[in-house]
Amino acid sequence: MSTYESALLRLLDERGYIHQMTDAAALDALAAKQIVPGYIGFDPTAPSLHVGSMVQIMLLRRLQQAGHKPIVVMGGGTGKIGDPSLRDEARSLLTTEKIAANVASIRRIFDRFLTFGDGPTDAIMVDNAEWLDALRYIPFLREVGQHFSVNRMLSFDSVKQRLDREQSLSFLEFNYMILQAYDFRELSQRYACRLQMGGSDQWGNIVNGIELTRRMDGVEVFGVTTPLLTTADGAKMGKTAAGAVWLNEDALPSYDFWQYWRNTDDRDVGKFLRLFTDLPLDEIARLEALEGAEINAAKVVLANEVTALVRGAEAAAKAEATARETFAGSGAGEDLPSLAAGSEGIRIGAALTQLGFTASGGEAKRKLAEGAVRLEGEVITDPAHLIAPADGEVLRLSLGKKKHALITH
């Protein structure tokens with residue numbers, strides 16, 4: 001049992017969000033006596049966030065559930081540089097217009113997780129371009145730069161790993177940690193923000209912000225990081241052979257999103273239910289104790305809960321119904337991903353790759369040779385086999401037991 005006084009730290013601890021904290025006792029005391037505004041930053045490098053960002057989004061949800069104020073910081077300013085933390089190489093630079101379009105697209109997802117408004121615990125969303133774009137270089141270096149030791153900056157893992165591998169780290173990227181530290185200080189001044197949260201790779205950036213705020217303003221602020229989240233087989237959360245598991249509907253069909261969670265490793269079910277759903281802990285304990293084929297019922301609960309949260313209850317119900325129809329072998333659920341073959345048809349190998357079932361033509365050939373591919377229930381082994389549905393006809397293509405799609409005219 002945790003010994004925390006505050007509902008916030010008890011909740012984060014029970015659900016498995018805490019990896020590291022700065023001055024846990026002082027943060028606990030503060031959260032027990034007043035509303036604590038806390039923030040997490042999201043860099044708009046794509047039009048949608050993916051499942052890898054969900055721990056951080058849920059962390060803001062937990063903050064609000066415990067009676068505190070979430071601040072969503074969109075990195076419209078820092079996104080012009082790109083976070084070098086634990087990356088092997090520099091991100092390609094995005095145009096200002098592309099960043100603005102990505103910010104607008106990402107905003108939509110947060111409405112499902114947080115209550116926004118003007119109340120004391122209502123969430124707000126801000127863009128750090130507001131203050132970073134307005135900085136003047138020389139005054140910024142004089143006021144802020146003096147508080148950073150280059151020797152210390154070189155000791156951070158995000159920098160050290162790149163240098164150890166003799167991979168280039170541009171001066172532009174090197175500035176990222178200073179700007180993120182400045183964000184914390186700016187949010188402290190503007191919104192009385194007292195807490196920054198993030199993944200374990202952000203620890204150095206968070207500590208920099210805490211120290212800068214203390215040195216420049218004499219204000220005590222805090223940091224919490226979450227554990228690095230990998231699946232039981234060691235894979236990075238949110239990545240699959242077919243690509244990223246995007247949160248936005250227009251980037252990934254709801255059935256595919258639901259199926260990602262339904263295919264969770266047995267060993268991850270309890271952890272994911274605690275992190276990604278609002279189910280009570282005693283119910284989660286019951287579900288994760290299921291064994292054998294019964295654990296599949298817990299995976300359906302997980303898929304339904306997460307999909308309902310991210311895509312809405314209707315999308316979750318539709319995806320479950322489609323899966324039930326598909327796996328029962330009767331008919332083809334309307335929510336399955338689909339591919340139009342066109343009037344000339346499409347080769348089965350090409351169809352598998354276009355649907356994202358296989359990562360390449362070579363992998364498609366291997367799967368076909370293994371007898372893992374079926375068209376309308378019949379095993380197909382020839383990658384050149386032509387799928388040519390008649391007008392109005394729908395054919396079901398399957399790879400293994402878990403990947404299904406509809407091929408239309």
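Start at 1 with the first residue, then count along the sequence.
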Salt bridge or not for [X] and [Y], using N-O below 4.0 Å?
X    : Y    : answer
E314 : K318 : no
E283 : R286 : yes
E320 : R262 : no
E211 : R152 : yes

Got a donor-acceptor contact below 3.5 angstrom from the [X] side chain to the [Y] backbone?
X    : Y    : answer
D265 : R267 : yes
Q259 : K403 : no
T307 : A303 : yes
D268 : A232 : yes

Identify each donor-acceptor pair in which a side-chain atom of residues 293-300 lies under 3.5 Å from a protein atom, sequence neighbours left out, and give them as a table.
| from | atom 1 | to | atom 2 | distance (Å) |
| --- | --- | --- | --- | --- |
| N296 | ND2 | A293 | O | 3.3 |
| K299 | NZ | T264 | O | 2.9 |
| K299 | NZ | D266 | OD1 | 2.5 |

Original post:
Under the 6.0 Å and 45° cation-pi test, does R62 pair with Y17?
Top reply: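 Negative - R62 is either too far from the ring of Y17 or too far off its axis.
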Distance alone, cut at 3.5 Å: any donor-acceptor contact between the side chains of [X] and [Y]?
X    : Y    : answer
N248 : S105 : yes
T78  : Q180 : no
Y182 : N208 : no
D278 : Q65  : yes
N304 : W261 : no
T225 : Q202 : no
R311 : S254 : yes

**OP:** With sequence neighbours left out, write down each residue that passes side-chain hydrogen bond (donor to acceptor under 3.5 Å, both in side chains) with E130, or none if nothing qualifies.
**Re:** R190
Original post:
Between F110 and F116, is the gap from one ring center to the other below 6.0 Å?
Top reply: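 No.
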Subject >> is_close_aromatic(F184, Y39), centroid dist under 6.0 Å >> reply: yes
